Novice: 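Would you mind keeping the following structure in view while I ask a few things?
We use all heavy atoms of the structure for the numbers below, so side chains are in, but hydrogens, waters and symmetry mates are not. All values reported here derive from a predicted model rather than from experimental measurement. We name chains A, B, ... by the order of the sequence lines, and we start the count at 1 in each one.
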2 protein chains.
Amino acid sequence: MISQENGSGTPMSAAASTNQGQRPQPVTLRQVAEAAGVSTATVSLVVNKKKSARIAEETRHRVLDAIRELGYRPNAMAQTLVSGSSRFIGLVADAIATTPFAGQIIHGAQDEAWKHGFALLIANTEGNRELETDAIAMMLEYKVRGILYSTWFHRATELPAPLRESDFVLVNCFSAEPGARAVVPDEIQGGRSATEILLKHGHRRIAFINATIPAPAKDGRLQGYKEALEAEGITFDDGLVLEAYPDQEGGYGAAQELLKLGATAVYCYNDRMAMGLYDGLREQGLSIPDDIAVVGFDNQEVIAAHLRPPLSTVSLPHYELGAAGVRMLLGLEEPQATAPTKIYCPTVERNSVRALAPA
Amino acid sequence: MISQENGSGTPMSAAASTNQGQRPQPVTLRQVAEAAGVSTATVSLVVNKKKSARIAEETRHRVLDAIRELGYRPNAMAQTLVSGSSRFIGLVADAIATTPFAGQIIHGAQDEAWKHGFALLIANTEGNRELETDAIAMMLEYKVRGILYSTWFHRATELPAPLRESDFVLVNCFSAEPGARAVVPDEIQGGRSATEILLKHGHRRIAFINATIPAPAKDGRLQGYKEALEAEGITFDDGLVLEAYPDQEGGYGAAQELLKLGATAVYCYNDRMAMGLYDGLREQGLSIPDDIAVVGFDNQEVIAAHLRPPLSTVSLPHYELGAAGVRMLLGLEEPQATAPTKIYCPTVERNSVRALAPA
DNA sequence: TTGAAAGCGCTAACAT
DNA sequence: ATGTTAGCGCTTTCAA
């Protein structure tokens with residue numbers, strides 16, 4: 001006799017501790033009920049801690065013990081089938097898991113969802129319309145509570161048709177569609193904040209290197225810049241606004257032209273441009289922040305926090321966008337009347353700006 | 001008579017096109033069956049395109065039409081309840097949505113999962129053990145087909161207990177646990193490849209700036225460096241190996257010491273160090289790649305592709321890790337006998353290395 | 001305080 | 001070729 005029987009007759013193979021062998025059939029409510037000598041209704045009642053029905057302490061314990069002993073886990077599928085709606089929230093993203101920092105949208109959404117007992121079902125679609133439709137269909141089939149439709153950069157979007165079959169909220173994008181709730185970053189306030197960092201350090205002649213490609217961010221960040229200037233009584237000067245492709249190369253290339261402007265400070269459309277600008281400026285023999293102050297936008301950690309000197313910038317609130325999207329979906333947060341809800345972009349000050357020495 | 005009745009009696013409210021109003025009850029299989037004048041079994045048969053049972057073309061069409069008209073969508077929960085296993089794959093990650101490039105693991109997993117008809121259920125746990133347990137429990141309750149347990153950097157890990165209740169694969173991490181399947185990047189090959197980029201450009205005196213913190217990457221990348229050298233008949237010189245904290249500041253700080261070594265090329269533990277090293281080298285008046293060649297590791301896009309000059313490096317195959325994890329989970333790919341399966345790290349050549357001028 | 005039973009939407013024998 | 005029926009695991013009246 002080499003092998004040993006176990007009394008219960010449950011197959012207890014050697015592979016039980018690995019994940020390769022046959023997994024045992026999951027324990028059901030009914031089995032718990034039998035083991036505890038009660039009805040399934042009773043077990044259901046104690047599992048769900050229903051306040052209404054009062055269960056005898058003694059019974060409750062018997063059930064709890066049986067649950068523990070058998071290692072029972074509720075079958076969420078059965079629960080959902082009965083209730084009609086799952087504890088899922090779908091997140092369809094065009095490139096969010098691909099793109100460096102926008103993954104924070106997932107993170108924020110998942111934390112907030114979790115807080116309310118929901119799990120995230122995600123689909124990365126690369127903007128592929130067909131994939132999107134399939135993803136949404138699948139979410140619908142799994143009876144998600146609602147769908148977050150998000151984009152990796154702030155922009156207008158067309159709603160995929162099946163989205164309307166579900167409760168949904170747009171995240172980091174918006175649509176003309178009436179009744180479509182949306183959360184987006186407050187680009188204008190962000191632009192204002194970025195400019196104010198410079199302003200409060202005494203800078204008056206501030207250049208802005210904007211992006212060449214059209215986007216809400218392009219308009220909003222410029223608008224904020226103007227507002228901040230105006231609030232300080234500085235007349236907006238068109239000549240101080242440059243445009244370049246919004247990446248490192250664009251920023252690098254803008255250095256020469258920037259120098260001609262006689263500005264003591266620059267505000268860049270984004271951190272990547274600032275990174276390129278650092279190189280360009282350095283090649284011209286200028287030092288940051290002594291010769292010229294620089295602020296960016298986005299707060300792209302890998303870059304901004306580790307440039308020399310570390311870059312002062314404004315955060316894109318991706319985490320908050322995801323979280324707010326979930327709250328709005330669950331009806332925990334009122335959408336703004338007509339326009340998308342704007343999320344605040346906080347300022348992050350590091351060492352790329354120094355007080356301007358009095359002339 | 002202004003409004004129009006629709007024959008079916010379905011409520012067709014004005015809010016139907018928005019997502020705020022009451023959503024109509026989803027259409028069921030039974031309703032389709034009634035509309036088409038057939039049994040539910042028949043509808044099920046055509047919906048699932050069962051090859052076995054032959055349905056009359058005419059009937060098939062009636063059913064299909066009814067489906068289209070009513071806008072029927074199968075209830076995946078009911079399907080799962082019957083079949084016992086859902087089309088979900090769970091992905092629990094310690095920080096993957098948070099961290100810049102490892103989001104690619106999600107991406108790869110989701111593409112591969114999708115390809116086989118599975119959806120991804122993700123949970124970001126920040127390494128919080130309790131959260132992990134809850135996340136896994138929830139996945140178990142939703143009857144996931146299996147779980148991918150992943151970490152944002154390659155390391156050893158302890159398995160959370162409930163993981164064993166499911167089929168699982170470790171991604172970017174590994175465990176001593178027997179029978180635990182795992183996929184990890186091939187750090188040694190990566191280190192070899194990085195060094196070979198330099199070697200094939202004629203460099204013989206190659207420094208390596210390793211990380212100070214212990215990790216499989218630290219050992220593997222060094223090991224690969226040694227192997228590559230050895231293959232070229234170059235004796236490994238301990239003095240050529242520096243150590244620094246693996247970020248920009250660490251790389252910057254290593255510049256001085258590096259210069260004393262008289263190397264014509266450096267291989268950095270990662271791209272972030274290389275980024276810092278660029279600054280340090282530049283301050284010492286050296287130019288890359290003319291005075292010294294540099295290669296990194298990780299291929300962190302935002303950095304490597306946009307440094308001046310763009311950095312030659314070796315990719316961490318995050319996308320592939322996710323995809324391979326899924327394939328292994330689904331039994332489409334055989335795990336290597338005992339050790340974790342190693343994924344190839346491809347080389348990405350840009351402009352930070354130039355052929356060494358003959359002395 | 002607890003149990004019996006119906007039914008959520010679907011699939012899969014088994015009949016016809 | 002298609003219909004009948006019995007569950008899948010759970011929640012929820014309604015009775016007892």
Novice: Atom CZ of A:R30 to atom P of C:dA6: distance rounded to whole Å?
Specialist: 14 Å
Novice: CD of B:E58 versus C1' of D:dT2: gap in Å, rounded?
Specialist: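 The distance from CD of B:E58 to C1' of D:dT2 comes to 13 Å, rounded to the nearest Å.
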Novice: So, is B:T42 near the phosphate of D:dT2, with a side-chain N or O under 4.0 Å from OP1 or OP2?
Specialist: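 False: B:T42 side-chain N/O out of range (4.0 Å or more) of D:dT2 OP1/OP2.
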Novice: Whether A:N75 contacts D:dC8 is assessed here as follows: a side-chain N or O lying under 4.0 Å from the phosphate OP1 or OP2. Is that the case?
Specialist: no
Novice: In whole angstroms, how far is the P atom of C:dG9 from the CG atom of B:L70?
Specialist: 14 Å
Novice: Any side-chain N or O of B:S44 below 4.0 angstrom from OP1/OP2 of C:dT11?
Specialist: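 It does, given that an N or O in the side chain of B:S44 lies less than 4.0 Å from OP1 or OP2 of C:dT11.
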Novice: Would A:F88 and B:F88 count as a close aromatic pair, with their ring centres under 6.0 Å?
Specialist: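 Aromatic pair counts; centres sit under 6.0 Å.
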Novice: For B:H61 and B:E58, test the side chains for any donor-to-acceptor distance below 3.5 angstrom and give the result as yes or no.
Specialist: no
Novice: For C:dT2, does either OP1 or OP2 sit under 4.0 Å from a side-chain N or O belonging to A:T59?
Specialist: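 Yes.
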Novice: If the cut-off is 4.0 Å, is B:Y142 near the phosphate of D:dG9, judged by side-chain N/O to OP1 or OP2?
Specialist: no
Novice: Does a donor on one side chain and an acceptor on the other come within less than 3.5 Å for A:Y72 and A:Q31?
Specialist: no
Novice: Quick check on C:dC10: is either OP1 or OP2 less than 4.0 Å from any side-chain nitrogen or oxygen of B:T40?
Specialist: no
Novice: Quick one: on DNA chain D, does A:R73 or B:A41 contact a more 5' nucleotide (nearest heavy atom)?
Specialist: B:A41
Novice: Return no unless some side-chain N or O of A:Q79 is found under 4.0 Å from OP1 or OP2 of D:dG9.
Specialist: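 Looking at the OP1 and OP2 atoms of D:dG9, neither is under 4.0 Å from any side-chain N or O of A:Q79.
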Novice: Please check if any side-chain donor atom of B:S83 sits under 3.5 Å from a side-chain acceptor atom of B:T80, or the reverse.
Specialist: no
